[in-house]
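Values in this document were obtained by computation on a predicted structure and should not be read as measured data.
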Amino acid sequence: MTGGEQFEERQTIAESVEVASQLVELWRANPPEALTVLDRSASRALSTLAHVDHAANLADAISTLVTRNMLVQAVPLLRLTMECAVTAAWFAVTPNSGRAAGLEGAKERLKLARGLARLSGADASDVIEDLEQNVRDESEAYSAEAHKFEQRALSLAGMDWLYVGYRELSGYSHAGTPLMDHYLRPAERTADAPLGVTYSPENEFAVAEQVFQLHPLLMHLALTAWDTIAVEHPMRDSLREVAETLGVSPTIQRRISRREAAASRLAMRQGHSR
């Protein structure tokens with residue numbers, strides 16, 4: 001996907017939701033019938049499938065909230081959609097991502113087990129010991145991209161807009177100033193409004209069109225992630241048509257890091273020297 005050109009023509013909220021819904025229909029019309037083995041296991045394909053399907057299910061909830069004009073309330077679901085789409089894309093194009101994500105999952109389960117044991121006072125030493133061993137066994141699979149969403153987003157080539165959009169969505173997904181500002185409006189300073197603002201639960205969501213324009217882009221990214229690794233690529237032609245309409249690339253590629261570029265150059269030199 002390219003950076004910037006997809007925002008040249010602003011869509012209405014209704015248009016954005018409609019395109020996202022059409023992509024969900026495309027997804028459900030092409031149910032997965034087989035899994036591709038990557039890195040000698042099915043973990044990457046299964047992980048991609050789970051995140052794409054969850055993004056599609058989230059679209060139903062987002063559409064319901066938009067119909068009820070609950071736009072700000074839908075933003076956390078858009079943020080989760082971005083997390084699912086980016087993570088699915090990362091799984092699709094990143095070797096050994098399944099194992100790296102498995103390590104992060106083991107670490108989180110270990111933290112939870114320790115916390116629950118501490119709160120309950122129960123003896124969970126056997127469970128904790130097994131989880132600790134799992135983390136040790138998989139420690140070589142560590143990846144900063146698996147650990148941090150920001151790194152996953154930055155690993156995808158031509159998608160610099162992703163993390164900027166993520167920060168904007170985050171502002172309305174957590175308690176804090178952006179959310180508070182949404183419910184306030186300027187007012188004349190009076191005894192009833194000494195700060196020059198007043199509370200207004202019916203305020204218009206000022207950046208609604210900009211925010212919801214992300215939805216079809218993210219659904220396209222999610223479906224493209226699955227089609228990239230799917231047997232026979234059943235949605236490829238349809239996704240290419242949508243990509244042209246949205247002004248995005250029909251393919252997903254990894255950004256080449258300096259380390260990867262150096263490794264590639266070394267491998268080429270070694271190949272030429274033989």
Side-chain angles (χ1 to χ4, degrees), residues 1-28 50-90 148-156 159-186 197-225 242 245-248:
M1 295 198 175
T2 58
E5 67 185 56
Q6 67 270 27
F7 297 112
E8 288 180 1
E9 295 185 11
R10 182 67 57 85
Q11 293 177 314
T12 67
I13 297 171
E15 289 171 338
S16 295
V17 172
E18 176 61 23
V19 176
S21 296
Q22 290 172 359
L23 286 165
V24 172
E25 291 176 6
L26 175 64
W27 169 248
R28 290 174 178 159
H51 285 86
V52 175
D53 202 41
H54 194 57
N57 292 331
L58 286 169
D60 293 336
I62 291 170
S63 181
T64 298
L65 289 173
V66 170
T67 300
R68 297 182 59 185
N69 201 35
M70 300 178 70
L71 303 182
V72 174
Q73 290 79 6
V75 172
L77 299 186
L78 275 173
R79 180 178 183 268
L80 181 52
T81 299
M82 179 177 283
E83 291 178 347
C84 289
V86 169
T87 301
W90 175 74
K148 293 188 65 176
F149 175 79
E150 179 181 6
Q151 294 302 315
R152 288 197 292 283
L154 294 176
S155 75
L156 303 177
M159 299 191 195
D160 295 340
W161 58 272
L162 274 172
Y163 198 67
V164 176
Y166 185 71
R167 295 317 317 157
E168 182 167 35
L169 296 175
S170 296
Y172 296 96
S173 299
H174 302 293
T177 301
L179 193 60
M180 179 184 71
D181 287 346
H182 169 71
Y183 288 100
L184 300 177
R185 66 180 179 186
V197 294
T198 184
Y199 184 74
S200 178
E202 304 301 326
N203 271 358
E204 180 181 353
F205 187 20
V207 294
E209 286 189 354
Q210 176 178 320
V211 164
F212 281 90
Q213 190 174 3
L214 293 171
H215 197 197
L217 300 176
L218 296 172
M219 288 308 306
H220 184 270
L221 176 61
L223 269 63
T224 302
V242 177
T245 300
L246 294 175
V248 297

From [atom1] ([X]) to [atom2] ([Y]), nearest 0.5 Å:
| X | Y | atom1 | atom2 | result |
| --- | --- | --- | --- | --- |
| Leu162 | Leu218 | CG | CG | 7.0 Å |
| Leu78 | Leu58 | CG | CG | 9.0 Å |
| Leu184 | Leu179 | CG | CG | 10.0 Å |
| His220 | Gln22 | NE2 | CD | 12.5 Å |
| His174 | Leu169 | NE2 | CG | 10.0 Å |
| Ser16 | Leu214 | OG | CG | 8.5 Å |

Before you tell me yes or no, could you show the steps for Leu221 and Met159 under side chain to side chain contact (heavy atoms under 4.5 Å, CB included), namely the whole-Å CA-CA distance, both residues' side-chain angles and the distance that decides it to 0.1 Å?
CA-CA 11 Å; Leu221 176 61; Met159 299 191 195; 3.7 Å; yes
Under 3.5 Å donor-acceptor, Glu168 side chain and Gly165 backbone:
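Side chain of Glu168 to backbone of Gly165, a donor-acceptor pair under 3.5 Å: no, none is there.
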May I ask you to decide if Ala59's main-chain N or O and Ser63's side chain share a donor-acceptor pair within less than 3.5 Å?
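Checked: no pair found.
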Stepwise side chain to side chain contact (heavy atoms under 4.5 Å, CB included) check, Val66 with Met70
CA-CA 6 Å; Val66 170; Met70 300 178 70; over 6 Å; no
Taking the side chain as C-beta and beyond, is there a heavy-atom pair between [X] and [Y] under 4.5 Å?
| X | Y | value |
| --- | --- | --- |
| Tyr183 | Ser200 | no |
| Leu65 | Leu71 | no |
| Leu80 | Pro76 | no |
| Leu246 | Gln11 | yes |
| Arg185 | Val197 | no |
| Val86 | His51 | no |

Just jot down the ring-ring contact (aromatic ring centres under 6.0 Å, His included) partners of His182, sequence neighbours excluded, or say none.
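Scan of His182 (ring-ring contact (aromatic ring centres under 6.0 Å, His included), adjacent residues dropped) gives Phe205.
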Using the ring-ring contact (aromatic ring centres under 6.0 Å, His included) criterion, which residues pair with Tyr166? Sequence neighbours excluded.
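Counting only residues at least two positions away or on another chain, Tyr166 forms a ring-ring contact (aromatic ring centres under 6.0 Å, His included) with Phe149, Tyr163.
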Minimum heavy-atom distance [X]-[Y], with the two atoms named:
| X | Y | value |
| --- | --- | --- |
| Cys84 | Ala55 | CB-CB, 4.2 Å |
| Leu77 | Ala61 | CD1-CB, 3.7 Å |
| Ala208 | Ile13 | CB-CD1, 3.5 Å |
| Val52 | Ala222 | CG2-O, 3.2 Å |

Report the C-alpha distance between Thr12 and Phe212 in whole Å, list the side-chain angles of each, state the deciding distance to 0.1 Å, and finish with yes or no for side chain to side chain contact (heavy atoms under 4.5 Å, CB included).
CA-CA 8 Å; Thr12 67; Phe212 281 90; over 6 Å; no
Please enumerate all residues that pass salt bridge (Lys or Arg N to Asp or Glu O under 4.0 Å) together with Arg28, with sequence neighbours excluded.
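With neighbours one apart ignored, the set is Asp60.
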Would Glu209 and Gln213 count as having a side-chain donor-acceptor pair, cut-off 3.5 Å?
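Not at all, the side chains of Glu209 and Gln213 share no donor-acceptor pair under 3.5 Å.
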